[in-house]
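Presented below is the structure to which this report refers.
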Amino acid sequence: MKHSPVSEVPLLSQGKVRDLYDLGDNLLIVVTDRVSAFDVVFDEAIPDKGCILNSISAFWFKKLEHIIPNHMISVDPTEYPEPFSDYAEELARRSMLVRKLDMVNAECIVRGYLEGSALKSYQKDGTINGIQMPAGLKQGDALPEPIFTPSTKEENGHDINISVAELRNVVGTETAEALESASLQLFTEASDYARERGILLADTKFEFGYLDGVLTLGDEAFTPDSSRFWAAESWEPGHAQASFDKQFLREWLETLDWDKTPPAPALPQDVVSNTATRYRDAFERLTGTAWNS
């Protein structure tokens, strides 16, 4: 499914993957099978991707709610208000009714391993978001301990990495400290759990908001779209790792003569199916449940 089936209600917004409806105090999120890379959305969909992302978020929201409350109300479409409940079959597994939060204007990123923009920063001057790192680290190495590396939330273009001190200037000291504490607690527990199931949580991002004055986890949680998941059995620092996300798609795109601007190139079937397999494998390892399409 590339678009929400509910046409009689106007969308509040449409992201790269999610269609969003405003229900007053609540929101309804429909997670489609659209896929993006380098901020470009592709014509081809990844089968079951939306259902898997939504199911993984629901799993983590329940598992980690003892650390911090989250915005999830229900993933059962028969409990949604009309007309959404009329589309229960189409919305099953790929939708979530959530509380509306007063969102904090920052992305909260935690890194446990050296990859992505952190690797580029480290190779440049030995730091990550202004945090000095030990010398001699290689791509994919575990960091001495997980680190909190926030970024801005940009309406257009890429988010910008900032220091914790800069975050305090954006959201205030009290909120910045609460964001860091919650992010590190969530990462530590999820990382320990995933490692027991053969997955290394390299890094992840969170979005938080306030509900009645209480800091609350929103958006998504520990999905292959918001996290780097690596296969523990094949982890070997010094190069890119086998991952359970759309990194396979990104790496294929890097082989093309494409400037990473629209229009997107057509995705061959093997790239689509291999990407779908990685999402499905992530779900099955994390939840211990077989995925049934």
Side-chain angles (χ1 to χ4, degrees), residues 25 27 56-73 98-122 124-134 137 141-155 157-195 200-223 225-229:
D25 291 337
L27 299 169
I56 290 176
S57 275
F59 169 81
W60 285 114
F61 283 147
K62 291 178 182 177
K63 186 171 185 60
L64 300 173
E65 62 186 356
H66 64 283
I67 295 176
I68 187 171
N70 60 72
H71 69 167
M72 183 174 70
I73 298 172
V98 305
R99 298 171 184 86
K100 190 181 290 184
L101 307 180
D102 181 12
M103 299 303 294
V104 176
N105 189 31
E107 294 269 5
C108 295
I109 301 165
V110 181
R111 304 177 188 276
Y113 293 79
L114 188 61
E115 188 52 277
S117 63
L119 174 63
K120 293 178 181 177
S121 175
Y122 177 78
K124 180 180 178 181
D125 61 11
T127 69
I128 302 174
N129 283 55
I131 304 170
Q132 187 66 48
M133 289 288 115
L137 293 179
D141 263 332
L143 302 177
E145 60 182 5
I147 58 172
F148 177 64
T149 62
S151 74
T152 62
K153 285 172 62 174
E154 300 296 321
E155 291 293 331
H158 296 289
D159 296 336
I160 301 169
N161 292 333
I162 57 176
S163 67
V164 175
E166 290 171 315
L167 177 66
R168 295 191 190 105
N169 292 332
V170 174
V171 303
T173 299
E174 184 177 348
T175 294
E177 290 176 351
L179 292 173
E180 181 172 11
S181 176
S183 297
L184 289 170
Q185 287 182 68
L186 289 166
F187 183 90
T188 298
E189 182 154 332
S191 180
D192 289 347
Y193 173 88
R195 190 178 297 108
L200 300 181
L201 178 57
D203 53 46
T204 195
K205 72 176 181 70
F206 307 106
E207 292 194 34
F208 296 91
Y210 282 94
L211 179 65
D212 299 328
V214 177
L215 190 66
T216 301
L217 179 61
D219 195 45
E220 59 185 322
F222 297 110
T223 72
D225 272 16
S226 66
S227 313
R228 280 190 179 89
F229 292 130

Ser191: side chain to side chain donor-acceptor pair (under 3.5 Å) partners, not counting sequence neighbours
Arg195
Sequence neighbours left out, what passes side chain to side chain donor-acceptor pair (under 3.5 Å) with Glu189? Give chain and number order.
His66
Can you name the side chain to side chain donor-acceptor pair (under 3.5 Å) partners of Asp25, sequence neighbours left out?
none
All N/O donor-acceptor pairs, side-chain side in residues 165-178, below 3.5 Å, sequence neighbours left out:
| residue | atom | partner | partner atom | Å |
| --- | --- | --- | --- | --- |
| Glu166 | OE1 | Ser163 | N | 2.7 |
| Glu166 | OE1 | Ser163 | OG | 3.3 |
| Thr175 | OG1 | Tyr210 | OH | 3.0 |

Using the salt bridge (Lys or Arg N to Asp or Glu O under 4.0 Å) criterion, which residues pair with Lys63? Sequence neighbours excluded.
none
Under the salt bridge (Lys or Arg N to Asp or Glu O under 4.0 Å) rule, collect the residues that match up with Glu180, sequence neighbours excluded.
none
Who pairs with Arg99 by salt bridge (Lys or Arg N to Asp or Glu O under 4.0 Å), at least two apart in sequence or on another chain?
none
Taking ring-ring contact (aromatic ring centres under 6.0 Å, His included) as the test, write out the residues that go with Phe206, two or more places apart.
Phe208, Phe222
With sequence neighbours excluded, tell me which residues meet salt bridge (Lys or Arg N to Asp or Glu O under 4.0 Å) with Asp212.
none
What residue pairs, at least two apart or across chains, pass ring pair (Phe, Tyr, Trp, His ring centres under 6.0 Å) with a residue in residues 169-194?
Phe59-Tyr193, Trp60-Tyr193
Would you mind writing out the side-chain donor-acceptor pairs for residues 107-116 within the sub-3.5 Å range, not counting sequence neighbours?
| residue | atom | partner | partner atom | Å |
| --- | --- | --- | --- | --- |
| Arg111 | NE | Thr149 | OG1 | 2.9 |
| Arg111 | NH2 | Ser117 | OG | 3.1 |
| Glu115 | OE1 | Gln139 | NE2 | 3.3 |
| Glu115 | OE2 | Gln139 | NE2 | 2.9 |

Considering residues at least two apart in sequence or located in another chain, which fulfil the side chain to side chain donor-acceptor pair (under 3.5 Å) criterion with Lys62?
none
